[in-house]
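See structure below.
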Amino acid sequence: MFSARDRKCRYLIGCLWFVAIACPGRSIAADAPSAPAPNETPQIAPWRAAFGGIDLADLRATSPRPMRGYAVRIELGHPGIEFLATPANGTEPGETDGTRTGTFLSQHGCQVAVNASPFAPIHAEEGKPQDVHGLMISQGSVVSEANGRPALLITKDNRASIAKPPFKLENVYNAVAGFSIVLADDQVVEDTDAVHPRTAAGTSADGRYLYLLVIDGRQPGYSEGATTAEVGAWLKRLGASEGINLDGGGTTTLIIDSGNGTPKPLNRPIHAGVPGQQRVAASHLGVRARPLGDVPQGHYFAKKQYRRTALPVFEEARSKLPQPIFDEDPAYVQCYWKAWELAFRNFHEPAAESGFVSQFIDAAFNQNIFLWDTCFLTMFCNYGHPHVPGIRSLDNFYAKQHGDGEICREINRQTGRDFEPWVNVEGAPLLSRWGYEWERGTQKTPVPYIGREPPPKPPRLTLDALNHPILAWAEMESYRLTGDRRRLRLVWPPLVEYYRALKEHLRQGNGLYMTDSASMDNSPRNRWLRGGGTAVDTSCEMVLFARNLAEMAELLDLPDDAARYGREADELARLIRAKMWNGQRRFFFDLTAEQKHVPVRTVAAYWTLVAGVADEPQVAALIAALKDPHAFGTRHRVPTLAADEEAFQGATGGYWRGAVWAPTTMMVVRGLQRCGRDALAHEIAVSHLESVVAVFRDTGTIWENYAPQQIAPGKPAKRDFVGWSGIAPIALLIEHALGVRADATTNTIVWTIRSPKRVGIERFWFAGRTVSLLCEPPDDSDARRVQISSDGPLHLVLRRAEKELSLDIAAHEPVTVRL
């Protein structure tokens with residue numbers, strides 16, 4: 001027993017621990033008792049998928065005492081999720097016949113089971129009658145009446161809540177009681193400073209998740225237990241806003257199905273003082289779930305069918321597309337229309353057997369659609385919206401998303417099936433089918449996890465198929481032009497599942513993300529990543545993914561999700577800065593499996609700009625490399641390999657050994673704009689556009705990639721490639737040569753007029769309105785006449801040299817100004 005003074009001291013220490021985990025950014029005054037050292041900070045391991053809609057995580061703390069816990073996160077809307085509280089025993093004495101939690105799981109075919117309501121008496125043998133203390137309902141039948149204790153209530157359609165009596169039970173299908181509320185409206189509720197093993201449950205504010213939590217106790221040096229306030233703090237950190245302390249002590253037990261119906265304890269219960277021994281209990285809560293991947297493809301995407309419409313034809317649609325005006329060089333406009341002509345050749349309707357749900361644009365590389373390619377294709381097709389199938393092309397990838405969230409980067413256009421080599425038909429742990437050296441052909445290569453446990457279920461796809469998670473970036477690029485929140489709501493569920501799957505399968509033990517070639521097929525950096533190396537591009541893309549999800553969540557009024565994804569982005573960004581930045585070479589590098597910097601400078605480092613990873617000194621160093629002719633400041637910018645690398649091929653580009661590719665150039669331009677380096681972004685965009693147009697003059701077409709040290713197509717490179725190469729003659733022409741940037745979120749166009757000749761654009765579409773802009777050449781006083789018309793109101797900012805003019809344009813009221 002502890003004295004009153006001892007209990008008070010232990011309670012104060014517990015409060016400090018709560019501050020550490022519930023308010024991680026908050027400091028403690030210097031004269032307060034010492035906070036836990038960094039290595040004593042409470043830890044929650046990354047969630048790992050166990051069943052469809054069910055994730056598991058381990059909890060650890062060493063201060064104010066050793067604690068070990070286990071958490072279950074249940075997605076309430078996930079298909080196949082069912083709950084079951086212990087049924088009544090009919091006319092037998094007592095209310096239920098006691099069983100151990102493992103027995104309950106096996107008898108009722110559950111995948112997860114946990115002890116629940118308080119009860120009496122305690123029996124050593126199963127099958128003896130027991131009484132439940134507090135409300136318990138099992139699949140609509142009341143097993144035990146309420147007695148003043150709070151309860152976890154679950155409806156038949158899996159809406160979960162925590163409440164105090166009197167209860168409204170009209171729609172409640174399962175319910176279990178607890179001792180006390182420990183978390184209410186995001187605030188930890190103090191109840192008792194007694195330290196025991198604990199079982200608890202919590203619900204998220206948005207109603208999406210139910211959390212189950214156990215903390216072991218009464219085992220000195222291993223896990224000594226928790227107070228109710230600490231339980232509330234753990235639940236809050238897991239993501240709950242409401243929480244209840246269920247039965248605990250020697251009854252605390254969490255069991256999962258090991259895969260064949262055999263119960264597997266996750267925690268270490270302690271009945272009768274014996275670690276590992278389960279207590280016979282009167283009340284359990286079980287969860288049934290489908291195996292991982294048992295959810296049908298496309299489940300998370302609400303669009304299920306293709307509604308046949310006429311495929312757009314270039315000759316008919318041309319009069320609806322934006323018309324650039326650029327008298328400075330008519331070849332720019334000719335190249336623009338050539339790009340659209342080639343793009344229209346690659347528009348498709350879904351084949352009947354494909355299961356695709358939208359018309360789409362294809363990269364025209366082979367018989368497959370590519371996720372990486374399509375994301376970049378949308379970035380110029382956005383300027384043809386809604387007259388061309390741009391952003392809707394991504395619908396077909398969401399429609400083919402697997403139940404565990406994975407999306408294959410390459411899908412057969414005719415059949416709708418994942419590209420066969422990228423399917424993990426062996427059911428093996430993570431592997432790369434092609435390997436790390438593109439030139440050597442197919443090499444099945446295992447990809448080990450280092451410093452972390454492998455996922456409980458192997459991925460459906462290989463590492464080759466899980467490259468470049470930029471779907472959310474493409475969606476936000478589109479949103480800034482369309483302002484279509486309905487689309488954000490449509491794509492939110494599949495994006496969340498995709499993000500989770502990539503965390504599950506691609507996150508290495510160092511917290512960074514693995515890849516093989518990451519679509520840079522023959523880059524000399526690839527071979528260094530063999531054996532579980534981590535890549536700066538895929539790691540930064542996951543930061544960008546999280547930031548995009550946080551931004552979407554804000555727009556969709558999901559503040560908890562916004563905060564969570566924002567935290568995850570910041571945490572991963574810190575890891576990248578700490579592990580991948582080389583202070584001596586002043587550059588970001590991939591990491592080998594041995595945690596050494598890969599000795600190759602590639603354009604992948606510039607994902608740190610667009611993802612908001614690089615700090616200001618690092619940004620300055622990366623910009624210096626962009627200006628250095630021996631690095632990335634080549635004649636045609638930006639090469640994919642630094643010019644001073646041994647493998648660099650300046651005359652041809654050698655595919656990914658220095659060639660200039662539209663996607664990576666767009667990424668660099670967007671990254672510079674994000675960092676406020678608009679002048680350099682414009683300079684690089686114009687360099688790329690000028691080079692593409694110059695090659696168009698010589699060859700009459702557009703190419704897959706370009707040489708870095710001369711104005712010529714790359715070798716090898718496909719001709720007539722639109723394809724992502726439409727980015728320069730369409731998107732960069734509009735944004736940089738014409739100088740028009742639109743933002744639907746603020747209903748604003750910023751028009752920066754740089755050309756000395758007549759310049760502008762007609763039929764420019766954004767945010768549901770069509771706008772025409774025209775600037776005449778300077779008159780004798782160097783003033784320029786600017787004409788603006790729109791079929792909807794907007795705010796226009798005109799910039800010319802040092803001059804700036806802001807105008808509010810009314811619908812159907814043309815405006816002429818002198819600038």
Side-chain angles (χ1 to χ4, degrees), residues 372-373 375-376 379-380 468 470 473-474 476-477 518-520 523 525 535-541 543-544 547 576 580-581 586-590 600-616 618-643 645 648 653 656-692 704-709 714 724-737 741:
W372 154 265
D373 304 52
C375 286
F376 284 105
M379 292 184 188
F380 72 81
H468 289 302
I470 58 171
W473 183 38
M476 289 308 299
E477 282 280 319
S519 298
M520 297 205 300
S523 174
R525 68 94 178 244
V536 66
D537 47 0
T538 49
S539 297
C540 288
E541 287 159 4
V543 176
L544 180 61
R547 295 203 195 286
I576 294 169
M580 294 182 146
W581 175 255
R586 299 187 59 73
F587 206 73
F588 283 97
F589 292 91
D590 307 311
V600 181
R601 285 196 297 174
T602 75
V603 75
Y606 288 91
W607 284 99
T608 60
L609 300 185
V610 74
V613 170
D615 61 27
E616 191 57 33
Q618 291 164 346
V619 170
L622 291 170
I623 286 174
L626 284 173
K627 296 178 178 180
D628 182 356
H630 300 293
F632 297 93
T634 47
R635 183 179 180 188
H636 183 175
R637 296 152 78 180
V638 176
T640 46
L641 183 67
E645 293 289 344
F648 178 74
W656 291 97
R657 295 184 176 234
V660 178
W661 296 75
T664 48
T665 299
M666 185 66 157
M667 173 268 293
V668 171
V669 168
R670 286 289 187 260
L672 290 168
Q673 289 168 334
R674 190 186 194 284
C675 296
R677 290 350 192 249
D678 293 303
L680 182 58
H682 174 72
E683 180 184 323
I684 288 173
V686 168
S687 165
H688 182 48
L689 176 59
E690 286 178 345
S691 300
V692 169
E704 181 187 10
N705 62 75
Y706 294 85
Q709 295 289 36
W724 53 40
S725 293
I727 284 174
I730 296 175
L732 297 186
L733 171 77
I734 291 171
E735 295 175 16
H736 292 275
R741 293 292 305 276

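Keep in mind the model is a prediction, meaning the values are calculated, not measured. The analysis underlying the following values was restricted to heavy atoms, covering all of them including side chains, and did not include hydrogens, waters or symmetry mates.
- Nearest heavy-atom pair across P729 and S725 is CD-O, 3.1 Å.
- Residues P639 and G658 approach most closely at CB-O, 3.2 Å, considering heavy atoms.
- Annotation: side chain of I623 is in contact with side chain of R677 (closest heavy-atom distance under 4.5 Å).
- L609 places a side-chain heavy atom less than 4.5 Å from the side chain of V619.
- Side-chain atoms of F648 and R657, non-hydrogen and from C-beta on, never get closer than 4.5 Å to each other.
- Heavy-atom minimum distance, A659 versus N705: CB-OD1, 3.6 Å.
- Between C540 and T608 the shortest heavy-atom distance is SG-CG2, 3.4 Å.
- No donor-acceptor distance shorter than 3.5 angstrom exists from the side chain of R674 to the backbone of L672, with no hydrogens or angles considered.
- In this structure, I734 CD1 and L689 CG are separated by 11.0 Å, a value rounded to the nearest 0.5 Å.
- Scored by the ring-ring contact (aromatic ring centres under 6.0 Å, His included) test, W473 finds F376, W607 as partners (sequence neighbours excluded).
- Nearest heavy atoms, T665 versus V660: OG1-CG1, 3.6 Å.
- Not counting sequence neighbours, the partners of D537 by the side-chain hydrogen bond (donor to acceptor under 3.5 Å, both in side chains) test are R525.
- A distance-only check finds no donor-acceptor pair linking the side chain of R586 to the backbone of L622 [under 3.5 Å].
- At a threshold of 4.5 Å between non-hydrogen side-chain atoms, the residues L626 and L680 count as touching.
- Screening residues 630-639 for side-chain hydrogen bond (donor to acceptor under 3.5 Å, both in side chains) gives H636-H688, R637-E683 as the qualifying pairs, with residues at least two apart or on separate chains.
- The salt bridge (charged side-chain N to carboxylate O under 4.0 Å, His left out) check on E735 picks up R670, R741, with sequence neighbours excluded.
- Scanning for side chain to side chain contact (heavy atoms under 4.5 Å, CB included) contacts around A642 gives R601, F632, D644, E645, with sequence neighbours left out.
- Applying the ring-ring contact (aromatic ring centres under 6.0 Å, His included) rule to W661 yields the partners Y655, W656, W724; only residues at least two apart in sequence or on another chain are considered.
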